[in-house]
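So the structure is just underneath, and the comments pick up after that.
Fair warning: this is a prediction, and the values are worked out from it, not measured in the lab.
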Amino acid sequence: MEVIVESRNPEVSALRSVAENRLRFVLRRLAWRVPRAKVRLDDTNGPRGGVDKEVRVELQMIGSEPVVVSARSRDWRGALDAALARAAQRLVRTVRRARQQSSARTLNFQTE
């Protein structure tokens, strides 16, 4: 899986390896379905503070639309963990739906 971590904030450079490692850990069982993952870290308010750290995760899947989620928090780690949790949940849901649709098509084919 190719992992791309993007940010314009110089403060985030130390978080690049953390973000990549967390992403690989969270997606370890389904990584074979995701050839490319992009993590974008943005600080919307700059140095003013507040709930302004935003993490956007985009998972490119094989044979399906990309999974895109985002999360905001006061700190980078909280936003990263929340976004990765949502991305993993959505990825599992997408895989389950694809399996159900595939098995439904197989059953319809066999009954015809």
Side-chain angles (χ1 to χ4, degrees):
M1 171 174 45
E2 177 186 7
V3 178
I4 301 167
V5 180
E6 297 177 340
S7 179
R8 291 185 211 155
N9 192 335
E11 176 184 317
V12 177
S13 62
L15 285 174
R16 288 182 189 277
S17 64
V18 171
E20 183 175 346
N21 290 339
R22 289 291 302 146
L23 177 76
R24 289 185 188 281
F25 179 77
V26 169
L27 299 179
R28 65 191 176 276
R29 286 191 246 155
L30 294 172
W32 63 277
R33 288 194 175 261
V34 182
R36 175 181 283 166
K38 187 185 293 187
V39 180
R40 176 133 180 97
L41 300 117
D42 287 320
D43 189 355
T44 54
N45 287 343
R48 290 184 290 183
V51 181
D52 65 339
K53 309 294 193 258
E54 184 174 7
V55 175
R56 182 173 184 245
V57 177
E58 182 178 337
L59 306 175
Q60 296 289 331
M61 295 180 54
I62 298 171
S64 179
E65 294 291 318
V67 172
V68 180
V69 296
S70 63
R72 283 188 175 183
S73 182
R74 289 186 173 274
D75 61 345
W76 290 111
R77 187 63 187 251
L80 179 65
D81 288 344
L84 290 176
R86 287 181 191 160
Q89 288 173 348
R90 183 134 341 132
L91 181 62
V92 167
R93 221 177 298 137
T94 302
V95 169
R96 283 186 184 152
R97 281 187 193 140
R99 278 190 194 152
Q100 288 174 350
Q101 290 173 354
S102 171
S103 64
R105 276 189 243 130
T106 304
L107 290 174
N108 286 340
F109 180 72
Q110 291 175 352
T111 58
E112 291 178 353

Exercise. Of all the heavy-atom pairs spanning I62 and W32, show the shortest one and how long it is.
Key: CD1-O, 3.8 Å

Practice problem: For the residue pair V18 and R77, establish whether any side-chain heavy-atom pair is separated by less than 4.5 Å. | Solution: yes

Quiz prompt | Test side chain to side chain donor-acceptor pair (under 3.5 Å) applied to E2 - qualifying residues, sequence neighbours left out | solution = R36

Quiz prompt | Minimum-distance pair of heavy atoms, taken over all atoms of Q60 and P66 | solution = NE2-CB, 3.8 Å

Practice problem: Could you tell me which non-hydrogen atom of A82 sits nearest to which non-hydrogen atom of A71, and how far apart they are? | Solution: CB-CB, 3.7 Å

Self-check item: Transitive ILVMFWY side-chain link V92 to L27, under 4.5 Å
Solution: yes

Quiz item: Which heavy atom in V26 sits nearest to a heavy atom in A88, and how many Å separate them?
Solution: CG1-CB, 3.6 Å

Practice problem: Please confirm whether the backbone N or O of S13 pairs with a side-chain atom of R16, one donor and one acceptor, at under 3.5 Å? | Solution: no

Exercise. Taking the side chain as every heavy atom from C-beta outward, state whether M61 and L91 have any atom pair closer than 4.5 Å.
Key: yes

Practice problem: Kindly compute the distance separating NZ (K53) from CG (D42), expressed to the nearest 0.5 Å. | Solution: 11.0 Å

Self-check item: Interatomic spacing from CZ in R40 to CZ in R56 - rounded to 0.5 Å
Solution: 9.0 Å

Quiz item: For the side chain to side chain contact (heavy atoms under 4.5 Å, CB included) test, which of V34, L80, V3 pairs with L23?
Solution: V3

Quiz item: salt bridge (Lys or Arg N to Asp or Glu O under 4.0 Å) with R24: which residues, sequence neighbours excluded?
Solution: E20

Exercise. Would you check if the side chain of R72 reaches a backbone N or O of A79 as a donor-acceptor pair within less than 3.5 Å?
Key: no

Exercise. Tell me, please, which residues at least two apart from R22 pass salt bridge (Lys or Arg N to Asp or Glu O under 4.0 Å).
Key: D81

Quiz item: Any idea which heavy atoms bring M1 and A37 closest together, and the distance?
Solution: SD-CB, 4.1 Å

Quiz item: Are V55 and V68 linked, directly or through other ILVMFWY residues, by side chains that come within less than 4.5 angstrom of each other?
Solution: no

Quiz item: Between S17 and A14, what is the shortest heavy-atom contact and its length?
Solution: OG-O, 4.1 Å

